Amino acid sequence: MTGSSARRAIRFAAMVAAVPLAVAMSGTASAAPDAATSDPGGVTCEYIVFGAWSGGFSADLKIVNNGPTINGWTVRWTAPVPTSNVVGWSARMTQQGSQIVAVNMVWNGVVRTGETRAFGWSATAPSADVPTDITINGTPC
């Protein structure tokens with residue numbers, strides 16, 4: 001992929017409480033609705049594929065806290081295509097089968113109201129498909 005097709009983004013919104021919300025999807029980061037304004041009491045997640053090539057990709061996940069302070073976060077998702085060799089930054093990442101887990105580092109675990117945290121990874125995969133089951137601390141994002 002090249003140009004705008006190589007850069008895809010998805011925004012998800014979730015309340016910090018266990019109340020699932022609607023998912024807003026977009027083909028580009030700039031065209032996605034501003035989830036922070038549509039969900040002022042929760043957490044906004046933005047999944048961004050910023051590089052894709054034959055056999056792999058790199059992506060970021062940005063967490064914006066619009067609710068009460070979060071003291072530690074764990075993000076989980078299922079890789080939608082066979083994925084291996086996950087190497088991350090700004091999070092401790094593990095993979096068991098198709099399940100991928102990212103846990104905060106000591107220095108970025110507290111996310112106060114209005115603050116943003118981001119982490120990223122590169123992986124080997126046949127495509128850069130976006131997962132649809134991302135959760136933060138067990139709450140759909």
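Quick caveat: nothing in here was measured; it's all calculated off a predicted structure. Below, each value reflects all heavy atoms present in this structure, side chains not excepted, and no hydrogens, waters or symmetry copies.
Between Phe57 and Ala128, the shortest heavy-atom distance links the atoms CB-CB, 3.7 Å. What you find for Ala102 and Trp77 is that their closest heavy atoms are CB-CZ3, 4.4 Å. Closest approach of Asn85 to Gln95, counting heavy atoms only: N-OE1, 4.4 Å. Considering all non-hydrogen atoms of both residues, Asn104 and Gly109 come closest at ND2-CA, 3.3 Å.
Under the rule for a side-chain contact (heavy atoms from CB on, under 4.5 Å), the partners of Pro82 that lie at least two apart in sequence or sit in another chain are Pro126. Residues forming a side-chain contact (heavy atoms from CB on, under 4.5 Å) with Ala79 (at least two apart in sequence, or on another chain): Thr83, Ile100. Listed by chain and residue number, Thr74, Val101, Thr135 satisfy the side-chain contact (heavy atoms from CB on, under 4.5 Å) test with Arg76 (two or more places apart in sequence, or in another chain).
By the criterion of side-chain heavy atoms lying less than 4.5 angstrom apart, applied directly or through intervening Ile, Leu, Val, Met, Phe, Trp or Tyr residues, Val103 is not grouped with Val86; the two fall into different hydrophobic clusters.
In this structure, Tyr47 has its ring center closer than 6.0 angstrom to the ring center of Trp121.
Rounding to the nearest 0.5 Å gives a distance of 3.0 Å between SG of Cys45 and CD1 of Ile136. Annotation: the span from Asn71 atom CG to Asn137 atom CG amounts to 10.0 Å, rounded to 0.5 Å.
Judged by distance alone, the side chains of Thr44 and Asn66 do bring a donor and an acceptor atom under 3.5 Å apart. Side-chain contact, Thr113 with Asn65: no donor N or O sits under 3.5 Å from an acceptor N or O. Between the side chains of Ser127 and Asp129, at least one donor N or O lies within less than 3.5 Å of an accepting N or O.
In this structure, the side chains of Glu46 and Leu61 stay at 4.5 Å or more apart for every pair of heavy atoms. Pro140 has its side chain out of reach of Ile134: every pair of non-hydrogen atoms, C-beta onward, lies at least 4.5 Å apart. Side-chain contact check for Ile70 versus Val43: some heavy-atom pair is nearer than 4.5 Å.
Without hydrogens or angle criteria, Arg112 side chain to Pro68 main chain gives no donor-acceptor distance under 3.5 Å. The backbone N or O of Thr78 lies less than 3.5 Å from a partner atom in the side chain of Asp133, making a donor-acceptor pair.
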task = Could you check Ser58 against Val49 for side-chain contact (heavy atoms from CB on, under 4.5 Å), going step by step and ending with a plain yes or no?
result = CA-CA 6 Å; Ser58 292; Val49 174; over 6 Å; no

message = Between Arg92 and Met105, is the side-chain contact (heavy atoms from CB on, under 4.5 Å) condition met? List the steps.
response = CA-CA 7 Å; Arg92 292 184 313 271; Met105 306 295 279; 3.6 Å; yes

request  = Any chance you could lay out the side-chain contact (heavy atoms from CB on, under 4.5 Å) test for Ile63 and Val75, step after step, and finish with the verdict?
outcome  = CA-CA 10 Å; Ile63 302 167; Val75 179; 4.0 Å; yes

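Between Phe119 and Trp73, the ring-plane angle classifies as parallel under the 30° and 60° cut-offs.
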